[in-house]
Structure formats: structure tokens, C-alpha cells
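Notes follow once the structure below has been shown.
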Amino acid sequence: MKYVLIGNGVATIGAIEGIRKHDRQGRIVAIGSEASAPYGRPLISYLLAGKISPDQLALRPDEFYRKSDVELRLGTTVSAIDCAARTVTTSTGEKIDYDRLLVSTGGKPFTPPIRGADGPDVYNFTNLDHAQTMISLAKDIQKAVVVGGGLIGLKAAESLFDRGVEVSILELSPRILSLAFDANAARLAARRLDEVGLSVHCGVTAQHIDRDAAGRVRGVKCTDGTYIPTEIVVIAIGVVPNTDLAEAAGLRVDRGIVVDDLMRTSDENVFAAGDVAQAKDLLHDENRVVPIWTNAYSQGYCAGKNMASRATPYIGGLAMNSISFYGLPTISVGTVNPPEGEEGYDVEASLDERKQTYRKLVFHDNRLVGYVLVGDIDQAGLYTSFIKFQLNLTPEMRQSLSQGHPDVLLWPDRFFDDTWNPNWVDKD
Amino acid sequence: MKRVYPNREYCIGCHLCELACITAHSESGDLIIAYTQEREAAGLSPCKKIFQKGSECVAISCRHCDDPSCVAACISGALHKDPETGETVYDRGKCVGCWSCLMACPYGAIRRHPVESKIVKCDLCRGREEGPACVQACPNQALKYEDRDE
Ligand SMILES: Cc1cc2nc3c(=O)[nH]c(=O)nc-3n(C[C@H](O)[C@H](O)[C@H](O)COP(=O)(O)OP(=O)(O)OC[C@H]3O[C@@H](n4cnc5c(N)ncnc54)[C@H](O)[C@@H]3O)c2cc1C
Ligand code: SF4
Ligand code: SF4
């Protein structure tokens, strides 16, 4: 069996580990455009902030690839997939054949049409090259505007700020982190950023990037009419699935590459995983693109097992984010904003503005389906258990959760024993 | 592989496993110094968590899962599965303290280190000849260290 994996992101790492769990013999070739071995993509903000050094980026040590017997092809872009012939072609014209293929080409930065965006001094922040470019830039610039107040935008802003750059963040929604957070959590986070000195502008975005006669950026005209002088603009709104290759190969693509419960695409020898895939979601009946790290790894891992012919259904992704803002930790999991007008949802929240702590639990019918924690996050994992294992809640369980005490002893006895103490035998 | 299995019917919530755990993971190797000094000064914390509900207790720690959620969540590669031993291994030097693993582990087996941006997680007392200290310390045989793989 020969496996070819396209991407070299975390989904690819998951796939290698999934394949090798069941197949020690088959050949694995992992191909990626970037020059470095798979690295922790979220770590690029730590690198830009100066919190880690480049040698800490690698997701797995070098010997991992040797021990797992993986041929790593770095700096190599796949330009075409031929599903009928079962080959991929690289941009240098080389043809590589496969028995099973994984497409994990990730996301590409989403760039809305902004007048003046084409040209120098406008950047994205999604890969190591971008981070390195910004590290060298940060020495020479005083001001930056970051477009996008989601996870990536805030991370980019915070890291540039840590390099001594004065940063303004523009967010079109009425609040930052509108996807992962509710209004209370967003307010606490925004306050923390504000205290530190980052300026956050919500409800506005860039209308026009203003350039001088030489074509260099000198400011941003916002939709509310304000003008912010700046030397660079970082567009960090998020990513959209990088489906070009899959589409050209005739694979079924909706918002992302559509996969079945085994992570298989419309071609039986081709699998997809990660930010590029539209896969099953634990809490929703439809397939979704949920571009987060944990899902990318888990999908890759599941795809890997299935590629190695060990039929393993994907349990479904669960949206989750853990982000800290200058010492204020926040975690959000699952459905944090009940869909408007839908029945059966119930929210319990407790906010302490002074202590900067917040806990919000979202219930649907008899289950916990989402939560947000700000400040005090230590119980997060056990809240996750109730969502992930889809445990039906008795009134007693629900009361304990609402009081901030998720507890393993609240689990149903059978489930508890199967998890923690299967096959106990008294020997004496 | 051998894992630590807790029994909620035998556990009396005495916290001796926690004490044994911090001693085993202390600089001094001495219970009194670990408890009275290192806890305070260095944030020494146990890898165990003890839950109590009515008369029922249990002491849990990392299960070294076959398909660990923490490894899927770890953004730095600090957590990985050792394919040879099956342990879920934590590399403290790589950890950036993002708390993704703490959020993802549905067994509540990960703690934040109280003073550093690092986590605290059971390592099965790696390198300790007698095996996990908690199991050895339990006065009621509520913890067993056994291979129960099928
Ligand atoms: C700054 C930043 C911070 C983030 N922080 C978090 C976080 O804290 N938590 C979280 O859950 N998520 C976070 N994310 C999102 C997370 O990084 C992604 O969900 C994850 O990296 C997706 O992994 P992937 O393997 O699907 O794809 P990617 O990591 O996007 O990797 C895909 C790779 O495929 C390569 N590629 C594309 N096309 C080809 C081709 N034709 N041939 C060869 N190679 C190709 C690309 O160059 C890329 O390297 C963050 C993202 C960014 C940018
Ligand atoms: S930390 Fe949690 S998810 Fe990871 S191996 Fe231990 S119990 Fe399993
Ligand atoms: S806190 Fe450390 S070990 Fe946990 S996910 Fe983050 S980097 Fe990995």
C-alpha cells in the first residue's frame, strides 16, 4: 500500500499517526508547499511575539519521520491530482502514484475586496513566512492596522504589539470573537486588550487603504469615516477552505471537500481532512467546515486509520477554542450562542466583572451543548466530557454543572466504571 | 500497557495518593519538604484529582488513552503518544501554556501549573522503579496498576 498525503499541516501528522497505528509496512510520502517540516501553526503568533524560538516550532521531532518511515517532501506543491490514474503531479512536473491519497491542503486567507489592498505593505498572517516577514518589519515600523477581530486577527495584533508596534484592530461585527464568544466574554476580553493598550474598533472595517505617491501604505479609511494612519495593514479575517486542487480533480466540493463518515471524498481512494474538509459535526446534523486545530488532527487521524483499511467512523468535530489575552484565559466549546428563534435551548450564566470571571452553560433539551469560561478555566475538560459523551442530565447533574462543579462522579455509574475501571478483578 | 485504575467503591478520599504523587515529583523527594516548602515556593502540584460526592470518592489521573484528545489538541507537539510504550508523554520544554489540552481532555486529567505556563499531568512516575507512587501509597487498594488491554 502506498499512501500520499498532501499538505504537511497537522491533519497530515494525524494521518501519519493513524496510518502507522495499523500499517507499519506501507510507504508514506508527505508533500507540502512550505519549506519547513510540519510545525505548530498557532505557534507563529508566539514566534512573532518573541515568546518562543524558531527551533521550538516543529510539531514532531526529526526522528519521528524516520521512525514512522515517512518520506517528507518539503517545498513541493502538488499541481494536479488524477483520480483515474491514481497519480499526483508536482509543480516541477514529477508524477507520484498512490493507492490512497489524503488531501489536507488547509485553508487560505480570506481577503475581502478592499480598495487599495493590492500592492506592498499589506500582509496576511497564516504561515511561518508571514510571521518571519513581520518579525523583520516590526523593527522598522511604529504602526499597524489589523483587519479582523477573530482568533487570528487578535493573535496577530497581540504579537505585533509585543514587538513594540502600536496596533489598531478593526472588526466588522459589534464585538470581537463573535464566532466563538458571546457578548459578555467578548467584553471581558476586549477590556483586557484595552487595559494593555491595544485599540479595538468594533462595528467598522477598512473601506479604503490609502497609499502615497510611491504606492506605500500611509493610512486606512474606515467605514465609519475615521482615518487611521499606519505603515502596514494585516488582513487576518480568517481562512476559507483551499479546495482548488480538489475541485480541479473533480472531487465533490461544497464549502469544503465533502467527506463521508470515514473521511472519504467522492473518490473511493481519496480522503480529505482538516481545514479543507467539510465533515461531520458532533452537535449538528449536517457536515460543516470548522477550521480548528483539534478537528484537523482528529480528522487526519481518523482518515489515516481508514486509509489503512481499519474502518473507523469519525465521531464528529466539536468547535473549541482556548485563547488567553495577556493572562486572562478563555475557553469556549460547542454551541455558545443558541441559534435565534430555535426552541429547547436554555442558558445559565454567571458573570463577575470585578474578578473578571464568567461562566456560561448552554443546554439543549436534556444535554449540555456548549460553554464559555473566562478567568477560571480549570474545570473546562469535565464540562467538555458532558458535551462530547452526550450525557443526558438529571436535575441533580444539571444543578452541579450550573454551580460550577462538573464532576466525574456525576457520570452514569456504568459509564463511569467502563471508563475508569473496566474489568476490575478482586485478587485478594 | 499498564495503567492506573481507580475504584470508586474502595476509595475513602484520604488524599494519600496526592501526597505520594507530589513527593515522587518533588526536587527533595521528601514528603514534608515537598508539602511544606515546594508546594508553596515552586507550585508543586499533584497529578491526581480527588472527587467526592456524598459518601463516594475517587482519585483520578491521566488514563493514557488509546486515542488521546489532548494529543489532538496540543498546538506545540508537547503532548504525544509514545508508540512503543503507549504512554501519553508530556514534553515540558515544548509546552506554551495554551490550555488547549486542558479544554479537550474529557477526563479532567490536566491541571494548570499554579505558577508557570505549563501543565501538570500524570507520567506514571516514569523512571520510578516501584511504579506509580499513588498506587503504592493507597491504603485501601482503591488504585491498581495493571495491564487490562484485551
Ligand atoms: C495564527 C493562527 C493561530 C491559530 N490558532 C489556533 C488555535 O489557537 N486553536 C485552534 O484550534 N486553531 C488555531 N488556528 C487554526 C489552525 O492552525 C488550523 O485549524 C490548522 O492548522 C489546520 O490544519 P490543516 O492540516 O488542515 O491545514 P494547514 O495547517 O492550513 O496546512 C495546510 C498545508 O497545506 C499546504 N498546501 C496547500 N496546498 C498545497 C498543494 N497543492 N501542495 C502541497 N501543499 C499544499 C499549505 O502550504 C499548508 O502548509 C490558528 C491559525 C492561525 C493562522
Ligand atoms: S490527558 Fe486526558 S485525553 Fe490525554 S491521555 Fe490523559 S486522560 Fe487521555
Ligand atoms: S498547554 Fe502545553 S501541552 Fe497543553 S496543548 Fe498547550 S502547548 Fe500542548
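The basis for the numbers below is simple: all heavy atoms, side chains too, and nothing from hydrogens, waters or symmetry mates. Here is how names work: the chains are called A, B, and so on, in the same order as the sequence lines, proteins then strands, and each is numbered from 1.
For Y383(A), no part lies near chain B; criterion is any non-hydrogen pair under 4.5 Å. Looking at C70(B), there are no atoms closer than 4.5 Å to chain A (heavy atoms on both sides), in backbone or side chain. Looking at C105(B), the atoms closer than 4.5 Å to chain A (heavy atoms on both sides) all sit in the backbone: N, CA, C or O. With a 4.5 Å cut-off on non-hydrogen atoms, Y107(B) touches chain A through its backbone and its side chain both. Residue contact with chain B, scored on non-hydrogen atoms closer than 4.5 Å, involves the side chain of K21(A) exclusively. Heavy atoms of P83(B) lying under 4.5 Å from chain A are absent altogether. Heavy-atom distances place both the backbone and the side chain of V408(A) under 4.5 Å from chain B. P422(A) touches chain B through backbone and side chain together, each having a heavy atom under 4.5 Å away. Residue I377(A) touches chain B through both its backbone and its side chain, counting heavy-atom pairs closer than 4.5 Å. In this structure, chain B has heavy atoms under 4.5 Å from both the backbone and the side chain of L59(A). Proximity to chain B (any heavy atom under 4.5 Å) is shown, for S68(A), by neither the backbone nor the side chain. Heavy atoms of K81(B) lying under 4.5 Å from chain A are absent altogether. Residue contact with chain B, scored on non-hydrogen atoms closer than 4.5 Å, involves the side chain of F389(A) exclusively. Residue I119(B) does not touch chain A at all, counting heavy-atom pairs closer than 4.5 Å. Only the backbone of C74(B) comes within less than 4.5 Å of a heavy atom in chain A; its side chain stays farther off. Using a 4.5 Å cut-off between heavy atoms, N321(A) contacts chain B through its backbone alone, with no side-chain atom that close. Residue contact with chain B, scored on non-hydrogen atoms closer than 4.5 Å, is absent for Q299(A).
Using modelled atom types and a 3.5 Å distance limit, the side chains of K94(B) and S76(B) yield no donor-acceptor pair. Judged purely by distance below 3.5 Å, without hydrogens or angles, the side chains of D91(B) and H80(B) never pair a donor atom with an acceptor atom. Judged purely by distance below 3.5 Å, without hydrogens or angles, the side chains of R92(B) and Y90(B) never pair a donor atom with an acceptor atom. The closest side-chain donor-acceptor pair between R128(B) and Q136(B) falls under 3.5 angstrom. In summary, the side chains of Y10(B) and N421(A) do not present any donor paired with an acceptor at a separation below 3.5 Å, with no hydrogens or angles considered. Residues S45(A) and E158(A) have side chains that never bring a donor and an acceptor to within less than 3.5 angstrom of each other.
The choice from Y297(A), F64(A), Y39(A) that makes the most heavy-atom pairs within less than 4.5 Å of chain B is Y297(A). Listed options I331(A), D407(A), N295(A) were ranked by heavy-atom pairs under 4.5 angstrom with chain B; first place goes to D407(A). Ranking R8(B), R63(B), K53(B), E56(B) against chain A, the residue ahead of the rest is R8(B), based on heavy-atom pairs under 4.5 Å. The residue among V4(B), V71(B), L102(B) with the most heavy atom pairs within less than 4.5 Å of chain A is L102(B). For the options G18(A), S322(A), S324(A), A380(A), heavy-atom pairs under 4.5 Å to chain B are most numerous at S322(A). Here A72(B) is the residue among G93(B), A72(B), G77(B) with the most heavy-atom pairs under 4.5 Å with chain A. Put simply, of P406(A), A58(A), P61(A), S400(A), the one with the most heavy-atom pairs under 4.5 Å next to chain B is A58(A).
At most 12 heavy atoms of other shown residues, nucleotides or ligands fall within 6.0 angstrom of atom OH in Y35(B).
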Step by step, would you call N140(B) with C11(B) a side-chain contact (heavy atoms from CB on, under 4.5 Å)? CA-CA 7 Å; N140(B) 219 27; C11(B) 180; over 6 Å; no
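Figure legend: R367(A) and F386(A) shown without cation-pi pairing, the cationic atom not lying both under 6.0 angstrom from the six-membered ring centre and within 45 degrees of its axis. Under a cutoff of 6.0 Å and an axis angle of 45°, R41(A) and W293(A) do not form a cation-pi pair. Relative to the ring axis of Y314(A), K280(A) does not place its NZ or CZ within 45° and under 6.0 Å from the centre.
With hydrogens and angles disregarded, no donor-acceptor distance shorter than 3.5 Å links the side chain of T23(B) to the backbone of C21(B).
In this structure, the ring of F415(A) has its center no less than 6.0 angstrom from the ring center of W420(A).
For the pair I28(A) and R20(A), the minimum side-chain heavy-atom distance is below 4.5 Å.
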